Protein chains: 2
Amino acid sequence: MTTRKDIAERNDRALLQAARDVLAEDGAHASVAAVAARAGVGIGSLYRRYKTKEELFQRLSVLSLDHWNEAAEQGLTDPDPWTGLAAFVYGCVEFGQGSLGPIAGAVEVTQEMGAKSRRGDELLDELARRAHEAGVLRRDVTAVDISLLIEQLGRSPVVDQLRKQGRDDLLPAAAEARRRLIAIALDGLRPGRDPLPGSPPGEELFTGRWSSR
Amino acid sequence: MTTRKDIAERNDRALLQAARDVLAEDGAHASVAAVAARAGVGIGSLYRRYKTKEELFQRLSVLSLDHWNEAAEQGLTDPDPWTGLAAFVYGCVEFGQGSLGPIAGAVEVTQEMGAKSRRGDELLDELARRAHEAGVLRRDVTAVDISLLIEQLGRSPVVDQLRKQGRDDLLPAAAEARRRLIAIALDGLRPGRDPLPGSPPGEELFTGRWSSR
DNA sequence: TCCAAGCGGAGCGAAACGCTCCGCTACTTG
DNA sequence: CAAGTAGCGGAGCGTTTCGCTCCGCTTGGA
């Protein structure tokens, strides 16, 4: 039996998931109508739950921050500093953390969001510090580097575009290739890698290896 | 002396560069007015050069394809298959090839674009084949993988977002971190890396290394 | 000095937007 | 089982933003 409560809950989930998807595809300009359509829900139903578009996006931001913080806290419980950090990064990337970047500048930052964001920074700092102390993270990789990596890899432009074009046949290959890229990047954060330039890391990271000019 | 021709040429360059930037920031919804404003050019001047928005974006696509093909051809002239391939990839990523992805599905594909696109695929296939034969590219990395890598890394969401927010102070750090990520990913394409899973590469690529579940 | 090539931007109709309102379905209650 | 209503979907409101046209004015060229 599907009670009223069940339907409401299912719709709420569908709306948030759809909002995330549409935002990833259309960026900050994503329209409310597109979110509702993607969720298979009427616009009226959407507006009964969220008084305004801003409120919907803010809720999405808070959920995203919560996911980040929970993943980081769980990572800190891992006795192995590397697997703890790596699981955190992979968890955020898979969650699509980066795809929410566009709204960060579009919605007003509430006090709650600010606090959770600062908390997230602290947790990541701690994850990186642990890894550095254990010698399992490249010295020249900072916490900021890691958060930027999550932002960069935490979106799947190719997958989104293929889905929009209806090329569902290519989707698995694209998702697979993206997973491999993530694995490669994660592995690159570990120390003892062959190129390993001294700090400060910069252009010289490449010199003579693949730059042809 | 600035002749009429000089002004026209400068405007044309500014328009194309602005179109690329705006497209990277706003996606396929990018407005013509935004492009003109970014270029510091009147809308009227834009429309004298391009009869329609579609024509502007098509021209941008063609330029992008040309850049791809020229970079690939130059890479093939390199006697070292690895540096040839790597320079091609880095050149495309730096050019912001990936940021043009959104319009690929927004503009109608002309016959010219189709032909150039096929030619680009052939060139990349050849680059990958050479690298495979020389043993400097992981066996399980295909040409499709490489093009997806370019698409994924060839956009700078963080940099774009920071610029939109006016946080110019953080721009250098973000650009720097992105360069490092590119270097890491490129290096990960080479064979003999420690994780190196056998084909078929899939989830098991990660098992026991950093996945905590 | 005169002319017109070529610029910038005001303003047009059209499209898309955020949001409200209401008729109707179908779950709940007595 | 029948009556009531919670809650759904979507037509449509006013507003904003869009692609694009038109024209007065600047300024290089002869």
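Just so we're on the same page: letters track the sequence lines, and every chain starts at 1. Nothing here was measured: the structure is a model prediction, and the numbers come from that model. Reckoned from all heavy atoms, side chains included, excluding hydrogens, waters and symmetry mates.
The CG atom of Asn11(A) sits 14 Å away from the C1' atom of dA6(D) (whole-angstrom rounding). Straight-line distance from the CD1 atom of Ile7(B) to the P atom of dT26(D): 15 Å, rounded to whole Å. The interatomic distance linking Leu56(A) (CG) with dC17(C) (C1') rounds to 15 Å, in whole Å. Atom pair Leu46(A):CG and dC19(C):C1' shows a separation of 11 Å (rounding to whole Å applied). Atom CZ in Arg10(B) sits about 9 Å away from atom P in dG8(C), given to the nearest Å.
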Worksheet item: Can you check ring-ring contact (aromatic ring centres under 6.0 Å, His included) on Trp68(A) and Phe88(A), steps first, answer last?
Response: CA-CA 8 Å; Trp68(A) 174 292; Phe88(A) 161 72; 5.1 Å; yes

Practice prompt. Dump the intermediate steps for salt bridge (Lys or Arg N to Asp or Glu O under 4.0 Å) on Asp21(A) and Arg38(A), then the final yes or no.
Written response: CA-CA 8 Å; Asp21(A) 291 346; Arg38(A) 168 76 72 109; 3.5 Å; yes

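Between Met113(A) and Val107(A) the shortest side-chain heavy-atom distance falls below 4.5 Å. In this structure the side chain of Arg10(A) reaches within 4.5 angstrom of the side chain of Ile7(A), judged on heavy atoms. The shortest side-chain heavy-atom distance between Leu56(B) and Val32(B) does not fall under the 4.5 Å cut-off.
Remark: Lys116(B) engages Glu112(B) in a salt bridge, criterion side-chain N to carboxylate O under 4.0 Å.
Contact annotation: Ser45(B) side-chain N/O to dG8(C) OP1/OP2 distance is under 4.0 Å.
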Response to the item:
Contact string for nucleotides 17-23 of chain D, one letter per nucleotide 5' to 3', B = base within protein heavy-atom range under 4.0 Å, S = sugar-phosphate only, - = neither, reads -SSBB--

